[in-house]
Amino acid sequence: MEKKELDEKILEVSQTILSYCIAHTSNQYDAEDLAQEILLEIYKSSTNIRNDRAFYGFLWSVVGNVYKQWYRKRKRDSHYELIEELADDEDILNKLEMDSDIRRLRRELTLLVEKYRRAMILYYLENNSCSQIAKKLSISESMVKYLLFKSRQIIKDRMNMERKLGEQSYNPKTLNIGFWGGYNRYVHICDSKIAQNILFACYNDRLNSEQISLEIGVALPYMEDDLRKLTEYGLLEKDGNRYFTNIVIFTREFDKETNIKTLEFTKQIVEKIKKGLEEKESTIRKIGFYGAEMDKNTFTWQMSCILLRQTIMKKLQDRMVLHYPVNKFGEKCFVWGKEAYDDNERLSDFSYANCTVSNQKKDRIFFMDFGINGEFIHHLFFNRQDYTNVLLDLVNDEIKDFGKNDSIVLADLMKRGIVKKDKEKLYPNMPVFTTDQKERLLMVLDELSEEILVQTQKMIEEITRILQNHIPAHLKKTAKDMAYFRIQSDCISGVMEMLYREKYLLTAERDIMLPTTYIVLNK
């Protein structure tokens, strides 16, 4: 047989061979390996084929021999059952066709939307009558008959379609949700891998539920709850029967490009911080706030954080005038996604948490936690007013009669190094400023802050341009606002990490004054 004719014959039967292999193995990977071995043996032995009529007899002889050899290699695996007697060609083809139809039928059932699928299962698998189904689904019998008719029609039309799983079915993404605003109701919205990958699948393409199922490799029944929840919370929108992601995602590709194109800005900010704080250290310490005598390492941590907070979180935000979107619950907030990936060049320990808590007197505790220094202590205070009150009462020397709970809180603060004890005196293990002292500090830092701001404004324009090329058209209007949240990473985490790599900042010792937390008293 000529090579061209052989190639055509093999192409013609390749799907049948794969179907045979799927029916005789326990998973897709083994089936594909076995099919490759069979095809290779057919090519190697093709000189034995006398003519076109002999091809199919030769084919199934090779299939049987290769399968037996393949099976013997895996005989130790109890889940393989050798079919010793192989039927003739026509019987095999009929059996494979039947098996293939069953598999296609099962596949299409997994892709049916819920209302059709439930009707089919109740009728064909659980033997319910139309009237019984109508009661269980709270619909009319005529609607049941319509759903069954429509389902059969859909399945019949789709049975012979070739379907391929998307990349996310074997290479799933990991997504973290970011939030900026008031009450964060999105904390656990994307805990599941399914929800994360739905958002990725629909980010650049508008997909129906069937296409999402194929893209992420998850049967529709297992992802319907996530589809509903993501749509309910507005992270996913629906246009007809197609879904599209409604938040910006900082993807791996966007990260990589941004890291390269903003590196020079980061270097310039780092150099300005090192030079500026060196020049102003003496002036800052003379302000006379509690903790002004802190060691050099704590000083550089504290002042770097205060400087970047003032520049990025205050000045830049005020000058940009962020346009807060309103979510489905009527709240003004920003929600975005960030892809997590293994080859991120940045140290994961330099992710940070920024927040502020206060008491009734409007005394405030400021946190800018970095994992490099150990525990993220702001978690202790967030939504725990008793922790805030106890620490600020201690600072104000208002400790009188502590109750049992206050004593437990104080003991925990001491255990974690937030409060220290010298002889019988308790004191906060962090700098404390009056409002006037904080204002004087910001005045000393103002010129340096303005120099850094120039670099951050250039950086945010560059990030906006990059982001415009990485987000869907319907989200482009949000690019500049979203670039601000990315710049927090570049101008805070990125800058602090570079200072750390250059050993300007060192890991803080537990017993020394906390490096990134301070208090401002309202007086």
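Everything numeric here is computed off the predicted structure, so don't read it as measured data.
- Judged as a ring pair (Phe, Tyr, Trp, His ring centres under 6.0 Å), not a single pair has a partner in residues 256-276 (not counting sequence neighbours).
- Using a 4.5 Å heavy-atom cutoff, the side chains of Cys355 and Phe381 are not in contact.
- In this view, Lys280 satisfies the salt bridge (charged side-chain N to carboxylate O under 4.0 Å, His left out) rule with no residue, not counting sequence neighbours.
- Glu257 is listed as a side-chain neighbour of Lys261, based on a closest heavy-atom distance under 4.5 Å.
- Taken to the nearest 0.5 Å, the OG1 atom of Thr266 stands 8.5 Å off from the CG atom of Asn259.
- Ring geometry, Phe366 versus Tyr518: the interplanar angle falls under 30°, so the pair is classed parallel (tilted spans 30 to 60°).
- Under 4.0 Å is where a charged nitrogen must lie from a carboxylate oxygen, and between Arg319 and Glu450 at least one such pair does.
- With hydrogens and angles ignored, the 3.5 Å screen pairs a side-chain donor or acceptor of Thr300 with a backbone N or O of Asn297.
- Side chain of Gln302 to main chain of Leu514: a donor-acceptor pair is present (N/O by atom type, distance under 3.5 Å, no hydrogens or angles).
- Annotation: cation-pi pair Arg185/Phe329 present, NZ/CZ under 6.0 Å from the ring centroid and within 45° of its normal.
- Asp255 has a carboxylate O that lies under 4.0 Å from a charged side-chain N of Arg486, or vice versa, which qualifies the two as a salt bridge.
- How far CD1 of Ile249 is from CG of Leu467: 11.5 Å, rounded to the nearest 0.5 Å.
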For Ile212 and Met223, what are the C-alpha separation, side-chain angles and deciding distance, and is it a side-chain contact (heavy atoms from CB on, under 4.5 Å)? CA-CA 9 Å; Ile212 298 170; Met223 55 179 244; 3.5 Å; yes
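- A heavy-atom distance below 4.5 Å is not found between the side chains of Glu210 and Leu220.
- A salt bridge links Asp446 to Lys315: one of the charged nitrogens lies within less than 4.0 Å of a carboxylate oxygen.
- Of the possible polar contacts, one joining the Tyr290 side chain to the Pro428 backbone as a donor-acceptor pair under 3.5 Å is found.
- Between His378 and Phe367, the ring planes lie tilted relative to each other; the angle falls in the 30° to 60° range.
- Formation of a donor-acceptor pair under 3.5 Å by the Asp422 side chain with backbone atoms of Lys425 is not found in this model.
- In this structure, the side chains of Lys338 and Ile177 stay at 4.5 Å or more apart for every pair of heavy atoms.
- Residues forming a ring pair (Phe, Tyr, Trp, His ring centres under 6.0 Å) with Phe289 (at least two apart in sequence, or on another chain): Phe433.
- Side chain of Glu339 to backbone of Arg252: a donor-acceptor contact under 3.5 angstrom is found.
- In this structure, Lys173 forms no cation-pi arrangement with Tyr203, as its terminal cationic atom is not both closer than 6.0 Å to the ring centre and no more than 45° off the ring axis.
- One distance of note links CD1 of Ile463 with CD of Gln468; it measures 13.0 Å at 0.5 Å rounding.
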Dump the intermediate steps for side-chain contact (heavy atoms from CB on, under 4.5 Å) on Lys480 and Arg465, then the final yes or no. CA-CA 9 Å; Lys480 188 158 188 176; Arg465 283 193 291 271; over 6 Å; no
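- A pairwise comparison of heavy atoms in Thr298 and Pro515 identifies CG2-CA, 4.1 Å as the closest pair.
- Counting heavy atoms from C-beta outward, Phe370 and Trp301 have side chains that approach closer than 4.5 Å.
- Here the shortest heavy-atom pairing between Phe179 and Val335 reads CD1-CG2, 3.9 Å.
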Between Asp225 and Leu227, is the side-chain contact (heavy atoms from CB on, under 4.5 Å) condition met? List the steps. CA-CA 5 Å; Asp225 287 345; Leu227 279 173; over 6 Å; no
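- Scanning both residues, Ile312 and Ile487, for their nearest heavy atoms gives CG2-CG2, 4.4 Å.
- A distance-only check finds a donor-acceptor pair linking the side chain of Gln437 to the backbone of Thr434 [under 3.5 Å].
- In this structure the side chain of Ile216 never reaches within 4.5 angstrom of the side chain of Pro172, judged on heavy atoms.
- A salt bridge is defined here as a Lys NZ or Arg NE, NH1 or NH2 lying under 4.0 Å from an Asp or Glu carboxylate O, and Lys274 with Glu271 meets this definition.
- Residues Asp412 and Arg416 are paired through a salt bridge, judged by an N-O separation under 4.0 Å between the basic side chain and the carboxylate.
- Here Thr258 contributes atom OG1 and Phe250 contributes atom CZ; the two are 8.5 Å apart, rounded to the nearest 0.5 Å.
- At a threshold of 4.0 Å, the pair Arg285-Glu281 counts as salt-bridged, since one of the basic side-chain nitrogens sits closer than that to a carboxylate oxygen.
- Checking Asn327 against Tyr186 by side-chain atom types alone, a donor-acceptor pair falls below 3.5 Å.
- We find that Lys267 and Glu502 are not joined by a salt bridge, their nearest charged nitrogen and carboxylate oxygen being 4.0 Å or further apart.
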Walk me through whether Glu278 and Lys296 qualify under salt bridge (Lys or Arg N to Asp or Glu O under 4.0 Å). CA-CA 10 Å; Glu278 193 68 34; Lys296 179 76 171 182; 3.4 Å; yes
Test side-chain contact (heavy atoms from CB on, under 4.5 Å) on Lys361 and Asn522; report intermediate values, then the result. CA-CA 7 Å; Lys361 293 167 59 177; Asn522 187 28; 5.6 Å; no
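- Between Glu237 and Arg242 no salt bridge is recorded (no basic side-chain N to carboxylate O distance below 4.0 Å).
- Side-chain atoms of Thr456 come within 3.5 Å of backbone N or O of Leu453 as a donor-acceptor pair.
- To the nearest 0.5 Å, atoms CE (Met430) and CD1 (Ile519) are separated by 5.0 Å.
- Taking the six-membered ring where tryptophan is involved, the planes of Phe244 and His474 are perpendicular, since the angle between them exceeds 60° and thus also 30°.
- Checked options Asn405, Ile408, Leu413, Val419; the residue passing with Val390 is Leu413 (criterion: side-chain contact (heavy atoms from CB on, under 4.5 Å)).
- The distance from the CG atom of Leu410 to the CG atom of Leu394 is 6.5 Å, given to the nearest 0.5 Å.
- In plain terms, the two heavy atoms of Leu230 and Ile189 that are nearest each other are CD2-CG1, 4.2 Å.
- For Leu277 against Phe299, the heavy-atom pair with the smallest separation is O-CE2, 4.3 Å.
- Pairing each heavy atom of Cys190 with each of Leu235, the nearest pair is SG-CD1, 4.4 Å.
- A donor-acceptor contact shorter than 3.5 Å links the side chain of Asn396 to the backbone of Leu392.
- Residues Asp363 and Ser358 bring no donor and acceptor atom of their side chains to less than 3.5 Å of each other.
- Judged purely by atom type and a 3.5 angstrom limit, Glu451 has no side-chain atom pairing as donor or acceptor with the backbone of Leu448.
- No side-chain heavy atom of Tyr352 sits under 4.5 Å from any side-chain heavy atom of Thr516.
- Without hydrogens or angle criteria, Thr388 side chain to Asn359 main chain gives no donor-acceptor distance under 3.5 Å.
- Looking at Ile284 and Met303, their side chains come closer than 4.5 Å, going by heavy atoms from C-beta outward.
- Salt-bridge formation is not detected for the pair Glu461/Lys458: no Lys NZ or Arg NE/NH1/NH2 atom is positioned less than 4.0 Å from an Asp or Glu carboxylate oxygen.
- Using a 4.0 Å cut-off between charged side-chain N and carboxylate O, Arg228 and Glu114 make a salt bridge.
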